[in-house]
Protein chains: 2
Amino acid sequence: MGMGRPREFDADVALDQAMEVFWRHGYEGATIAQLTEAMGINPPSLYACFGNKEGLLKAALDRYTKLRGAWMDEVVAAPTARDVAERMLMGIAEKQTDPANPPGCLLVQGGIACGTGSENVPFELAARRAQNEDQLRDRFVRAKAEGDLTTSSDPAALARYVSAVSVGMGVMASSGSDREALRQVASVAVQAVEAQSERR
Amino acid sequence: MGMGRPREFDADVALDQAMEVFWRHGYEGATIAQLTEAMGINPPSLYACFGNKEGLLKAALDRYTKLRGAWMDEVVAAPTARDVAERMLMGIAEKQTDPANPPGCLLVQGGIACGTGSENVPFELAARRAQNEDQLRDRFVRAKAEGDLTTSSDPAALARYVSAVSVGMGVMASSGSDREALRQVASVAVQAVEAQSERR
DNA sequence: CCATATATGTAGTGTTCACTACAAATGTGG
DNA sequence: CCACATTTGTAGTGAACACTACATATATGG
């Protein structure tokens with residue numbers, strides 16, 4: 001009975017472009033006109049495919065976290081808690097100052113505070129950041145069980161800490177800090193994890 | 001020849017209300033209607049007094065940093081670099097979860113990413129955060145000169161680090177983390193400064 | 001080749017935004 | 001008490017916003 005006219009654009013490619021716009025301007029700062037132009041489509045195509053602006057953001061976030069998921073797996077594969085923290089924070093110093101992307105982190109740049117009608121956007125982003133934190137916490141729980149972290153250490157607190165530093169680095173990057181400045185922050189931050197590690 | 005009708009509202013009181021709105025909704029998320037209602041005035045009064053929306057933000061930021069200046073002075077008056085960091089980060093844990101204010105920090109909530117026409121707002125906020133960082137750096141320079149921090153320590157990097165953690169805690173607070181979670185982060189973070197301190 | 005189903009481009013829709021024209025009100029200096 | 005300077009409240013202004021109606025185009029299934 002006919003399957004309808006096929007879509008002329010690649011949704012993932014379009015999402016990559018939308019991601020960049022949200023990343024650079026934030027959810028509220030990004031306009032449909034900017035998004036459609038970057039995506040190379042017209043508004044009706046956007047709404048037919050993603051529902052509305054918030055649906056587009058969620059799809060872009062899904063893609064972002066999916067792309068970063070592989071990297072986070074590498075991070076937690078480091079042999080010790082200290083190395084996990086170092087790999088994570090040094091990697092963030094690189095990624096957040098990579099000229100191929102807007103500076104900072106989409107999960108922060110997307111929106112920390114929003115106006116009426118977008119109140120849940122900041123929570124949506126926070127939920128995605130929490131996923132990373134959970135992954136770190138699980139890794140630190142293991143590190144404690146393995147005797148890598150001291151018995152008095154608190155894996156959840158350590159994960160929260162690394163997550164907080166990551167966010168802070170993201171804000172720094174987006175407001176102009178260069179790679180070396182972020183590396184310095186990462187380097188200092190790792191020492192707190194070291195302080196909770198058993199010396200070998 | 002007449003000095004004109006006197007203003008009927010107190011600019012500082014009005015700024016306190018505007019500060020709260022910017023703090024809660026961000027620069028772009030805050031509307032003139034919300035601001036004027038909170039300030040108890042009408043739009044023409046706002047524009048006559050502060051120029052435009054961005055002028056109002058800057059005036060609110062001036063007041064914010066002025067109110068916090070006294071506290072920062074207390075922070076850097078702590079006897080050691082470690083105590084400076086602890087006093088700062090633990091104080092932030094309290095302040096950013098104080099129910100008397102919106103959660104988080106105005107210098108972060110105000111706007112991390114903005115749309116066309118407000119591109120300089122994030123930089124304006126970053127400049128204010130940099131002031132705190134400079135004050136910390138100067139204090140750590142002194143700590144190093146006094147032999148409190150090790151000779152291999154980097155005061156600027158330490159200041160950047162404490163500043164980054166502060167920002168990260170602000171984002172955490174605004175997305176729902178409670179006071180205890182922030183205290184845990186602060187507690188871990190201080191250990192990095194401790195690692196750069198001479199034992200006594 | 002036709003009926004159907006979905007995508008596309010044009011050209012809007014109503015709403016909300018930051019901002020302001022204007023007239024009335026209210027004070028001060030002479 | 002009067003001329004003047006400034007503030008205030010009302011009621012808008014044009015522009016930009018997210019979103020959509022509609023006609024046309026393009027594919028598939030029968």
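Note on naming: letters A, B, ... go to the chains in the order of the sequence lines (proteins, then strands), and numbering restarts at 1 for each one. Keep in mind that the numbers below use all heavy atoms, side chains included, and drop hydrogens, waters and symmetry copies. From a predicted model like this one, the values you see are computed outputs, not experimental measurements.
Electrostatic pairing of B:Arg142 and B:Glu146 counts as a salt bridge here, judged by a charged N lying under 4.0 Å from a carboxylate O.
In this entry the distance linking CE of B:Met3 with P of D:dC2 reads 22 Å, nearest Å. Look at CG on B:Leu46: it is 9 Å from P on C:dC19, rounded to the nearest Å. In this structure, B:Asn52 places its CG atom 8 Å from P of C:dT20, rounding to the nearest Å. Rounded to an integer number of Å, the gap from CG of B:Leu56 to C1' of C:dC19 is 13 Å.
Applying the 4.0 Å criterion to OP1 and OP2 of C:dA7, one finds that A:Ser45 has every side-chain N and O outside that range. The shortest distance between the side-chain N/O atoms of A:Tyr47 and the OP1/OP2 oxygens of D:dC19 is below 4.0 Å.
Side-chain to base pairing of B:Arg5 with D:dA5: no donor and acceptor N or O lie closer than 3.5 Å to each other. For A:Arg7 against C:dA7, a side-chain-to-base donor-acceptor contact under 3.5 Å is absent.
A residue-by-residue look at A:Gly40 and B:Glu28 shows that A:Gly40 has its nearest nucleotide of DNA chain C further toward the 5' end. When each of B:Ile41 and A:Ile32 is assigned the nucleotide of DNA chain D bearing its nearest heavy atom, the one mapping closer to the 5' terminus is B:Ile41.
Taking only side-chain atoms of A:Pro43, from C-beta outward, the nucleotide of D:dT26, D:dC19, D:dT10 with the closest atom is D:dC19. In the set C:dC17, D:dA18, C:dT20, the nucleotide with an atom closest to the side chain of A:Thr31 is D:dA18. Comparing D:dT7, C:dT20, C:dA18 by their closest approach to the side chain of B:Lys53 singles out C:dA18. Among the nucleotides C:dT20, C:dC17, C:dG9, the one closest to the side chain of B:Pro44 is C:dT20.
The number of heavy-atom neighbours closer than 6.0 Å to CD of A:Glu37, taken from other residues, nucleotides and ligands shown, is 12 or below.
Note: B:Asp83 CG to B:Ser197 OG = 8.5 Å, rounded to the nearest 0.5 Å.
Using a 3.5 Å distance cut-off with no hydrogens or angles, the side chains of A:Asp154 and A:Gln196 do not pair a donor with an acceptor.
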